[in-house]
Protein chains: 2
Amino acid sequence: MFSQSEENYLKAIFHLQGETDDGVSTSSISTHLNTKAASVTEAVKRLAEKKLVDYQKYYGVQLTETGKEHALAVVRKHRLWESFLVDRLNFNWDEVHEVAEQLEHIKSIKLVEELDKFLGRPAYDPHGDPIPDAKGNMPEIPRKKLSQLQKGDRGTCKGFNDASSSFLKYLAKQQIGLGTAVEVVNIEKFDESMTVRIADEEVQLSKTATDNIYVDP
Amino acid sequence: MFSQSEENYLKAIFHLQGETDDGVSTSSISTHLNTKAASVTEAVKRLAEKKLVDYQKYYGVQLTETGKEHALAVVRKHRLWESFLVDRLNFNWDEVHEVAEQLEHIKSIKLVEELDKFLGRPAYDPHGDPIPDAKGNMPEIPRKKLSQLQKGDRGTCKGFNDASSSFLKYLAKQQIGLGTAVEVVNIEKFDESMTVRIADEEVQLSKTATDNIYVDP
DNA sequence: TTATATTTTTAGGTAAAACTAACTATTTAT
DNA sequence: ATAAATAGTTAGTTTTACCTAAAAATATAA
């Protein structure tokens with residue numbers, strides 16, 4: 001089995017890897033996990049020894065097949081627990097992250113399977129992110145960033161990219177949540193900030209914000 | 001906050017302390033936690049430094065008020081999670097322990113409170129053990145397992161833990177039901193099986209069976 | 001293309017939590 | 001009451017996972 005720390009590294013690398021095929025840098029991992037670069041180098045060496053990542057000095061890391069499977073298993077648990085907290089325990093979707101960070105490390109295959117069944121095998125978590133199935137397959141959804149919409153376009157919020165609690169609180173304050181209907185009223189040229197209409201209220205959103213909000217047309 | 005290891009020590013000391021007022025011995029803790037006595041001495045020193053136990057070299061440890069509160073909080077979480085696993089996730093009562101050992105260390109006051117509410121504020125866990133409330137109070141009359149009675153003790157059956165049909169058939173065959181009066185005639189040392197008198201008949205019950213029968217004195 | 005800046009790694013240190021082996025205190029039995 | 005047995009503690013290691021400071025490699029800019 002793997003330690004919590006190892007699982008956190010796998011997850012971080014998974015998230016940072018994204019679509020690209022190049023290695024994930026030491027510093028990006030250290031930023032993501034709030035540790036120092038030196039600690040990352042050590043951790044990554046341990047992971048490489050265990051064949052969970054491919055690591056080349058000075059050129060970053062990539063998950064191996066095994067590493068990716070494990071990362072996906074952790075992501076699956078994280079998102080299932082978030083669903084549980086919101087759907088069954090009355091948590092708000094912006095206060096589940098830290099707790100799910102702990103719960104995702106619980107080791108029990110039966111627990112995950114039964115939790116999934118109990119929740120009705122949800123495809124998306126409360127943030128709109130897809131939940132991998134037991135084999136690591138994600139449901140595929142076409143998602144657009146709010147920042148990609150044009151003036152006059154309408155959409156429905158389907159997910160949020162940045163899971164930081166400050167961002168989630170910001171969204172809550174603006175009355176934006178999953179399923180919220182938005183209409184682009186105006187886009188400022190100089191900073192790409194957006195004025196959007198939400199239930200007859202007009203709200204100003206920075207490019208940073210609209211980059212992190214996913215919408216369906 | 002306290003580490004998992006520290007919480008495990010607190011819980012072990014709590015369980016070993018029982019009713020008595022004398023200190024819990026190093027060796028009993030090491031047996032309970034499957035560690036070595038030397039490790040316990042070290043751990044206990046750390047706990048004493050944090051004012052969670054009173055420790056006198058060579059004379060064992062006792063929980064302080066704070067230590068006891070914390071131990072009870074962990075016990076509460078453990079038993080709530082066991083209830084959740086059995087009542088909602090279709091676990092059998094004999095496969096929940098290891099998972100609950102992990103879940104009991106999750107840190108979130110809201111989680112415990114909401115879980116308790118979600119489960120309908122149960123008074124007993126699936127093993128029949130009382131669940132402390134948020135303040136650390138246990139339900140008044142804790143139920144006893146038949147296996148906890150001594151030779152010569154009498155009791156009345158108040159409930160059964162294992163609801164499997166094989167167990168219920170077994171009980172029916174032995175003429176044991178709700179309200180049945182039992183008297184402990186003998187306890188075998190080597191396998192803890194019990195001879196009980198039920199309406200002038202003597203019956204042999206395994207430890208597995210007596211663990212699943214609750215009695216009032 | 002060389003100098004500077006940035007990034008990454010190495011080296012050395014710390015703390016928690018376990019271990020073994022050796023020593024010390026307490027208890028028990030003759 | 002003293003020796004033997006049992007129990008508990010100390011000392012010295014190990015592993016994991018973090019850190020800082022210094023060195024090395026890579027990237028960038030004049």
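In what follows, chains carry the letters A, B, and so on, assigned in the order in which the sequence lines appear, proteins first and then strands, with residues in each chain numbered from 1. These values consider heavy atoms only, across backbone and side chains, with no hydrogens, waters or symmetry-generated copies.
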Separation of [X] atom [atom1] from [N] atom [atom2], in whole Å?
| X | N | atom1 | atom2 | answer |
| --- | --- | --- | --- | --- |
| A/Gln56 | C/dT7 | CD | P | 20 Å |
| A/Glu6 | D/dC18 | CD | P | 10 Å |
| A/Phe2 | D/dT16 | CZ | C1' | 15 Å |
| A/Lys45 | D/dA17 | NZ | P | 15 Å |
| B/Asn8 | C/dA16 | CG | P | 17 Å |
| B/Glu49 | C/dA17 | CD | C1' | 15 Å |
| A/Leu33 | D/dA17 | CG | P | 12 Å |

- prompt: Counting only side-chain N and O atoms of B/Ser27, is one of them less than 4.0 Å from OP1 or OP2 of D/dT6?
  reply: no
- prompt: Any side-chain donor paired with an acceptor under 3.5 Å for B/Asn8 and B/His105?
  reply: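 B/Asn8 vs B/His105: donor-acceptor pair found between side chains.
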A/Arg76/A/Asp116 ion pair, N-O < 4.0 Å: yes
- request: May I ask you to decide whether A/Glu82 forms a salt bridge with A/Lys77, counting only side-chain N to carboxylate O separations under 4.0 Å?
  value: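 No, A/Glu82 and A/Lys77 are not salt-bridged.
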task: Give A/Thr41 one of three labels, base, sugar-phosphate or nothing, depending on what nucleic acid heavy atoms sit under 4.0 Å from its own.
output: base
message: Is the shortest side-chain heavy-atom distance between B/Trp81 and A/Ile106 below 4.5 Å?
response: no
task: Answer whether the closest heavy-atom distance between the side chains of A/Ile176 and A/Leu205 falls below 4.5 Å.
output: yes
query: Does the ring centre of B/Phe84 sit less than 6.0 Å away from the ring centre of A/Phe84?
result: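 Ring centroids of A/Phe84 and B/Phe84 are less than 6.0 Å from each other.
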- prompt: Quick one: what's the B/S/- string for nucleotides 18-28 of chain C, heavy-atom cutoff under 4.0 Å, read 5' to 3'?
  reply: BBB---BSS--
